[in-house]
Amino acid sequence: MAIESPKIMGYGTSPKRKEDPRFLHGKGTYVDDIKLPGMLHMDIVRSPYAHAKITNINIEPALETPGVLAVITGKDLDAAGLAWMPTLMSDTQMVLPVEKVVYQSQEVAAVIATDRYTAADGVMAVEVDYEPLPAVVDPFKALEKDSPLVRPDKGKDTNHIWHWEAGDKDATDKVFADADIVVEEDLYIPRIHVASIETCGCVASYDAVNGKLTIWMTTQAPHAIRTVFSLVSGIPEHKIRVISPDIGGGFGGKVPVYPGYVIAVVASLKTGRPVKWIEDRSENLQADSFARDYHITAQLAADKDGRIRGMKVKTLADHGAADAAANPSKFPAGLFSICTGSYDLEAAHVEVDAVYTTKPPGGVAYRCSFRVTEAVHTIERMVDRLAVELDRDPADLRYQNFIPKENFPYKSPTGWEYDSGDYKQALDVALERIGYEDLRKEQAEKRARGELMGIGISTFTEIVGAGPSNTFDILGIKMFDSAEIRIHPTGSAIVRIGVQTQGQGHETTFAQIVAEELGLPVDNITVEHGDTDTAPYGLGTYASRSTPTAGAATAVAARKIREKAKHIAAHLLECNPDDLEWKDYKFSVKGVPDRSKTMQEIAFAAYTNHPQGMEAGLEAVNYYDPPNLTFPFGAYVCVVDIDPGTGVVKIRRFVAIDDCGTVINPMIVEGQIHGGLTMGMAPSLFEEIPYDENGNNMAGTFMDYLLPTSLETPNWETGNTVTPSPHHPFGAKGVGESPTVGAPPAIVNAVVDALSHLGVKHVDIPMTPWKIHKLITDAQATTA
Amino acid sequence: MQFSGTHRIEATPQEVWSFVTDPKGVSSCVPDVQSIETISPEQFKAVVKAGLGPVRGKFNFDIHWKELTEPSLARMSAQGKTPGSAVTMDTVMTLTPLDGGAATELSWTADVVVHGMIASVGARLMNGFVEKQTEQFFGCLSGKVKAV
């Protein structure tokens with residue numbers, strides 16, 4: 001029997017994920033799997049107070065615990081100049097505090113011991129005396145004149161951090177002045193946490209002989225972390241190696257530098273031994289960077305006939321004790337100004353003010369780091385709000401206001417240039433799939449019987465792929481990304497990329513890019529990432545930027561190789577390179593398809609028979625600077641049934657039509673959409689981190705922080721349309737965060753739609769049974 | 001969190017006063033007190049083993065009498081801590097004679113603030129916990145004061 005030659009498996013095919021066999025066999029290597037000889041363990045003493053002066057730390061009882069080797073406090077770090085570190089937003093954050101704590105569960109000291117249990121015993125033995133200070137919990141009160149100061153170190157007499165605006169205020173005021181109708185709503189997008197299954201941690205190992213520091217770390221951005229560590233510690237960058245091995249979920253929560261990483265490095269320097277630090281679940285939920293926490297007031301101005309003309313948004317961003325977001329430096333509120341969405345507005349004006357409170361620093365991502373979730377929630381809720389006010393069907397009102405597909409590239413009133421879109425087509429497909437007309441009839445019948453059923457639509461526009469170097473940087477490092485491809489003599493290849501996978505399937509999809517561009521079988525291509533000693537420099541994986549940036553770099557590098565390969569093929573075929581065409585994954589002489597060379601043959605020649613005067617080998621590097629962002633979009637329709645007796649919201653059906661441009665691997669994209677929709681449902685119905693009046697985190701365990709399981713997750717119905725990005729090398733746009741961004745407003749719109757006849761106009765998330773039940777009973781009490 | 005209660009005790013205000021202002025006496029009615037150390041007439045320390053749901057720990061309390069107006073009014077302030085959790089408690093107790101002084105009405109209010117793990121994990125259990133502790137305390141108190 002002939003052995004079947006391996007298939008190319010390029011764009012649009014679904015080879016199984018190369019990374020899955022090792023995960024399915026339990027052979028993945030996560031940070032906690034790293035075990036080094038002589039390794040010590042670190043545990044952290046944390047503050048029970050949200051705000052308190054530290055009057056004394058007595059480490060002696062801990063040092064007397066057998067097996068405890070060292071206890072590190074803020075004073076030790078201060079002496080080494082490491083008590084403070086920069087955040088990715090150029091704010092400052094305490095590694096270990098010297099004077100006071102500013103959030104509950106803040107790191108206060110670290111115990112280094114021979115094993116994890118002893119380290120925990122040591123933590124219990126450290127005696128810390130505090131003098132409680134008033135907690136600053138409410139961000140609005142934090143801005144009042146008499147509010148206690150969270151960060152007196154900033155030298156300002158206010159908790160206000162920054163003010164940011166986008167759009168044209170005067171033009172917007174003018175549109176509002178002559179619009180027929182203005183609707184307004186307050187929306188709160190609560191503080192949530194990514195709750196990755198793998199918590200954060202690291203193994204820091206300083207080799208005193210070679211002066212080299214190696215850190216295995218749960219990070220989404222190993223290169224940026226290496227640079228920050230070098231700048232902060234003074235250790236030369238080539239003497240630092242950051243390895244991000246298998247990562248058990250990132251979603252943005254593993255972009256920041258956490259104090260634990262820095263303390264573990266100091267502990268390794270101090271003890272001369274490797275030090276492992278792994279958070280427990282409650283530490284992860286209580287101390288790591290949060291997401292969201294936006295208090296939004298939005299207004300839409302429209303004409304009586306339904307034409308939406310203008311938008312005004314004012315937002316208060318609660319950043320906790322430090323602005324530790326991971327936004328591009330020129331965009332402190334991320335890409336929030338995408339809030340005009342898929343609609344053609346005349347003018348818009350967006351303002352955001354950030355404030356310090358005594359809560360953990362943030363706001364990073366929850367599968368969308370650049371505040372697009374907040375923006376999409378705002379516009380999609382407001383369009384529905386307007387539909388109710390005008391007594392219009394929400395689908396109809398959207399069709400009326402969509403940016404027409406012939407208007408792309410489209411310049412938005414807040415300054416973005418949307419690359420491509422066909423919003424009408426996506427909504428057509430979604431409404432057809434779900435059977436919108438029939439559902440509306442069913443709803444009318446059910447309503448007459450007193451049953452609560454709602455249909456919600458979200459037609460969102462995403463903005464990802466950061467970003468062009470003229471506007472996008474993090475701590476000054478431009479947001480390009482990179483790929484390096486080396487073809488071996490026998491035609492297999494290794495690809496190293498500057499981004500880092502946390503489950504997205506890079507090892508498969510990036511191999512598919514090379515497979516497609518060079519005609520090599522996907523099975524023969526290895527993808528490596530996450531090791532700063534070997535991978536080219538890149539900013540990492542978050543905000544759906546990998547395919548738009550490093551994916552583009554991979555295609556461009558492959559095309560460089562193809563160009564060189566063309567010259568080798570011409571040499572082998574004894575023709576002029578211009579006489580060759582790349583077709584069916586090989587170079588053939590135009591008009592003589594029999595005379596051709598595959599990439600495998602060319603690769604061998606590159607090392608054995610290359611033209612005189614040409615460099616041997618077949619490899620290329622590209623650092624890709626995207627000319628623009630990409631703008632994926634989608635149309636989601638959600639059907640909910642609400643139990644009036646319990647207030648439980650059940651998602652009966654959810655159709656998600658996504659358009660992320662060219663699809664590399666449909667199976668992986670579908671998987672990402674399923675995960676993303678579940679992570680969109682989670683904060684809509686279950687998740688929130690509330691604080692009590694003393695600044696205590698009230699959802700510090702999985703008993704209180706409700707993650708959805710398969711039982712709560714409906715059967716997502718997915719589909720797609722394809723509108724390629726005109727500026728991306730192969731038209732891809734990115735998809736990872738789209739469903740998390742698009743789903744919440746569809747679910748909220750469905751719930752509000754189910755309750756609208758009771759007079760309900762808005763519900764903030766999470767829409768818990770208690771909240772919904774109260775809305776129903778309050779509405780009944782009012783009408784009774 | 002605010003807690004309060006009123007109890008009738010079959011003893012004179014003076015008898016009740018002597019008992020409740022004596023650290024050793026009163027602590028004999030607090031479940032799981034491990035030790036009491038008197039620092040001064042206004043100040044004592046207590047070690048209490050307490051468990052609130054999944055949070056368990058040995059709390060070290062610093063207790064101050066802020067006001068002692070014999071035999072009718074006492075104010076007490078207590079700060080307790082265990083690794084990861086902290087409690088502050090301000091209590092006011094008033095004694096009013098009943099039945100011409102043969103019995104006493106003890107009214108109390110407590111303002112309790114909890115921090116850290118005990119608040120995050122235990123806050124929702126706090127009401128039940130305080131009710132149970134109070135019931136035990138006053139049950140014990142009535143018995144002991146009468147017996148004295």
Side-chain angles (χ1 to χ4, degrees), chain A residues 43-52 55-58 61-62 65 101 103-109 111 120-135 137 280-283 285-287 358-360 689-705, chain B residues 1-3 32 34-35 37 39 43-64 66 75-91 109-130:
Chain A
D43 196 11
I44 292 177
V45 178
R46 294 179 182 275
S47 167
Y49 292 98
H51 198 194
T55 52
N56 187 44
I57 302 179
N58 180 11
T65 308
V101 290
Y103 55 94
Q104 184 222 319
S105 76
Q106 185 179 344
E107 299 80 357
V108 173
V111 175
D121 288 346
V123 162
M124 298 296 275
V126 174
E127 293 171 357
V128 188
D129 294 327
Y130 300 94
E131 190 183 306
L133 297 167
V137 179
D280 71 22
R281 178 57 60 191
S282 282
E283 290 179 298
L285 284 173
Q286 294 189 15
T358 52
K359 298 175 204 165
I689 295 191
Y691 286 80
D692 72 6
E693 68 276 15
N694 301 310
N696 291 302
N697 177 321
M698 301 311 285
T701 72
F702 278 163
M703 286 193 296
D704 296 306
Y705 193 73
Chain B
M1 275 172 282
Q2 300 271 351
F3 299 96
D32 297 323
Q34 295 201 321
S35 66
E37 184 192 348
I39 308 291
Q43 190 185 359
F44 62 102
K45 286 177 182 287
V47 178
V48 182
K49 211 172 137 194
L52 188 58
V55 186
R56 292 178 187 279
K58 212 161 66 176
F59 279 82
N60 291 303
F61 274 98
D62 273 318
I63 302 156
H64 292 255
K66 295 278 184 191
R75 286 177 195 274
M76 188 179 84
S77 164
Q79 276 91 36
K81 63 176 184 177
T82 190
S85 298
V87 180
T88 61
M89 199 159 50
D90 287 301
T91 311
T109 60
D111 199 349
V112 180
V113 181
V114 287
H115 300 273
M117 193 58 93
I118 196 167
S120 290
V121 179
R124 276 170 295 280
L125 306 169
M126 193 66 82
N127 273 313
F129 175 80
V130 170

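Naming: A, B, ... by sequence-line order, numbering from 1 per chain.
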Proximity breakdown for [X] and chain B, heavy-atom pairs closer than 4.5 Å:
{"X": "S47(A)", "result": "neither"}
{"X": "S105(A)", "result": "neither"}
{"X": "D704(A)", "result": "side chain"}

Is any side-chain heavy atom of K81(B) closer than 4.5 Å to one of V128(A)?
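Contact flag for V128(A)/K81(B) side chains = no.
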Is any side-chain heavy atom of M117(B) closer than 4.5 Å to a side-chain heavy atom of Q286(A)?
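Yes; the side chains approach each other to less than 4.5 Å.
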With rounding to the nearest 0.5 angstrom, report the CD to CG distance, Q79(B) to D129(A).
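One gets 11.0 Å once the value is rounded to the nearest 0.5 Å.
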Provide the closest heavy-atom pair for [X] versus [Y] in the form atom of the first, atom of the second, distance.
{"X": "V114(B)", "Y": "N694(A)", "value": "O-ND2, 4.1 Å"}
{"X": "N696(A)", "Y": "G116(B)", "value": "OD1-N, 2.8 Å"}
{"X": "P48(A)", "Y": "A86(B)", "value": "CB-N, 4.1 Å"}

Heavy atoms only, distances under 4.5 angstrom: which of P83(B), S120(B), G57(B) has the most pairs with chain A? Name it, please.
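Heavy-atom pairs under 4.5 Å are most numerous for S120(B).
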